[in-house]
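To start, the structure itself, in structure tokens.
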Amino acid sequence: MALLMEHQFRQLPADRQVETRPFLDAVSYLPTFFDCLGPAIFAPIKSDICGNITKIKAVYDTNPGRYKTLQMLLEAEKEMHGGDWPKVGATLELMWLKRCLRFIQVFLQSLVDGEKDSSNPNLIRVNITKAYDVALKRYHGWFVQQLFKAALYAAPYKSDLLKALSKGRDVKEEECLEKIRKFLINFSATVDAVYDMFCRMNADQDYKV
């Protein structure tokens, strides 16, 4: 779990505002997480998340003071883009980024909750499928969904995944899962806050790719 624990997300303040710079710093390390799941399966998602982060950061860097929090960023873009919002700018990139973050959240939570294939408990297809169904499936057309199903068979075993997350060190499964639980505390709070913000500002969209 060294891969995730080295770059923890900040604890949110009482108002649940997510500061943009620390958020971008934390999420910038997450693309390597998808290498642990299997570069063949998740190369498109990894590419998307890298692109999302780069584009959000480019907007943020133009005026860090004005975009100090993610809500300030969305509010500024809403005023700036008028009727084109929320289909443009960092708002659109954050919409897709949050879905990838939700995928990670649901997947890791499924692992620590002990959800598994009873006939082969070392497989993680059950966990990946749940995360995909919750976070991404509804936004993907039939063709993309079929590609995902086919690619599932290349997913690593749970033991190999946990070793990869621990940067190659042999660790006890429960020790690794306990670290995942700790990582999820601030990570889940942040993802939930971003989702709540999009709902509150009516900034989400349901189109498929």
Side-chain angles (χ1 to χ4, degrees), residues 1-11 23 25-53 96-140 142-195:
M1 267 307 293
L3 181 66
L4 298 179
M5 292 299 290
E6 288 174 358
H7 308 289
Q8 285 269 32
F9 282 67
R10 284 188 177 184
Q11 182 177 352
F23 172 80
D25 288 344
V27 297
S28 68
Y29 293 97
L30 290 179
T32 55
F33 170 80
F34 291 100
D35 291 333
C36 298
L37 285 179
I41 312 175
F42 291 101
I45 296 179
K46 179 183 176 181
S47 176
D48 286 346
I49 198 172
C50 288
N52 298 147
I53 294 168
W96 284 105
L97 176 59
K98 73 179 176 60
R99 293 169 181 170
C100 293
L101 300 183
R102 179 72 91 195
F103 175 92
I104 296 172
Q105 177 191 10
V106 175
F107 171 73
L108 293 177
Q109 190 64 57
S110 179
L111 278 181
V112 300
D113 288 344
E115 297 176 344
K116 57 190 174 184
D117 183 342
S118 57
S119 63
N120 195 334
N122 200 27
L123 294 179
I124 58 172
R125 292 175 196 160
V126 168
N127 316 100
I128 293 177
T129 300
K130 178 178 182 178
Y132 181 73
D133 288 350
V134 170
L136 296 171
K137 184 176 181 179
R138 65 180 292 190
Y139 308 110
H140 287 169
W142 181 86
F143 182 70
V144 177
Q145 290 181 23
Q146 299 311 304
L147 288 177
F148 181 83
K149 287 181 181 178
L152 266 180
Y153 290 94
Y157 288 112
K158 180 168 68 172
S159 55
D160 293 331
L161 169 67
L162 297 182
K163 186 173 182 178
L165 289 175
S166 301
K167 293 188 173 181
R169 289 180 294 153
D170 288 317
V171 294
K172 293 181 179 179
E173 179 175 320
E174 187 50 45
E175 178 185 344
C176 191
L177 292 177
E178 181 57 32
K179 290 181 179 179
I180 292 176
R181 290 187 188 96
K182 291 179 180 178
F183 171 80
L184 280 170
I185 295 172
N186 290 344
F187 179 69
S188 293
T190 300
V191 176
D192 292 347
V194 175
Y195 265 80

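In what follows, every heavy atom counts, from backbone to side chain, and hydrogens, waters and symmetry copies are set aside.
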Rounded distance [0.5 Å steps], SG in Cys100 versus CD1 in Ile104: 7.5 Å

- prompt: Hey, does the side chain of Gln105 reach the backbone of Leu184 with a donor-acceptor pair shorter than 3.5 angstrom?
  reply: no

Validation row: Leu101, Val194 side chains within 4.5 angstrom (heavy atoms): no

query: Is Lys116 close to Leu123 at the side-chain level, that is, under 4.5 Å between some pair of heavy atoms?
result: no

- prompt: Rounded to the nearest 0.5 Å, how far does SG of Cys36 lie from CG of Leu161?
  reply: 6.5 Å

statement: Here the pair of heavy atoms bringing Arg102 nearest to Asp192 is NH1-OD1, 2.7 Å

- prompt: Is the closest basic N to carboxylate O distance between Arg181 and Glu174 below 4.0 Å?
  reply: yes

Partner set under side-chain contact (heavy atoms from CB on, under 4.5 Å) for Val126, not counting sequence neighbours: Asp117

task: Locate the shortest heavy-atom distance separating Ala131 from Val106; write the atom from each residue and the value.
output: CA-CG1, 3.7 Å

task: Could you pull out all residues at least two apart from Lys130 that satisfy side-chain hydrogen bond (donor to acceptor under 3.5 Å, both in side chains)?
output: Glu115

field: Rounded distance [0.5 Å steps], CD in Gln8 versus CD1 in Ile185
entry: 8.0 Å

field: Nearest heavy-atom neighbours spanning Ile53 and Val27
entry: CD1-O, 3.4 Å

Point-to-point distance, once rounded to the nearest 0.5 Å, from CD of Glu173 to CD1 of Ile180: 9.0 Å

- prompt: What's the verdict on side-chain contact (heavy atoms from CB on, under 4.5 Å) for Leu136 and Ile45, showing C-alpha distance, side-chain angles and the deciding distance?
  reply: CA-CA 10 Å; Leu136 296 171; Ile45 296 179; 3.8 Å; yes

task: Starting from the C-alpha separation in whole Å, work towards a yes-or-no answer on ring pair (Phe, Tyr, Trp, His ring centres under 6.0 Å) for Phe148 and Tyr132.
output: CA-CA 9 Å; Phe148 181 83; Tyr132 181 73; 3.8 Å; yes

message: If I take atom CZ from residue Arg10 and atom CG from residue Asp25, how far apart are they, to the nearest 0.5 angstrom?
response: 8.5 Å

- prompt: Any ion pair linking Arg99 and Asp48 (charged N to carboxylate O, less than 4.0 Å)?
  reply: no

field: Ser166 side chain to Leu162 backbone, donor-acceptor under 3.5 Å
entry: yes

- request: Just jot down the ring pair (Phe, Tyr, Trp, His ring centres under 6.0 Å) partners of Phe23, sequence neighbours excluded, or say none.
  value: none

message: Between Gln145 (side chain only) and Lys137 (backbone N and O only), is there a donor and an acceptor less than 3.5 Å apart?
response: yes

message: So Asn127 and Leu108, do their side chains get closer than 4.5 Å, heavy atoms only?
response: no

statement: Applying side-chain hydrogen bond (donor to acceptor under 3.5 Å, both in side chains) to Ser118 and not counting sequence neighbours gives none

task: Please find out if less than 6.0 Å separates the ring center of Phe103 from that of Phe42.
output: yes

task: Sequence neighbours left out, what passes side-chain contact (heavy atoms from CB on, under 4.5 Å) with Lys46? Give chain and number order.
output: Pro31, Phe34, Asp35, Cys50

task: Specify the closest pair of heavy atoms between Pro156 and Ile124, including all atoms of both residues, with the distance to one decimal.
output: O-CG1, 3.3 Å

Distance, nearest 0.5 Å, that separates CG of Asp160 from CG of Asn122: 7.0 Å

task: Please identify each residue that fulfils ring pair (Phe, Tyr, Trp, His ring centres under 6.0 Å) with Phe9, with sequence neighbours left out.
output: Phe187

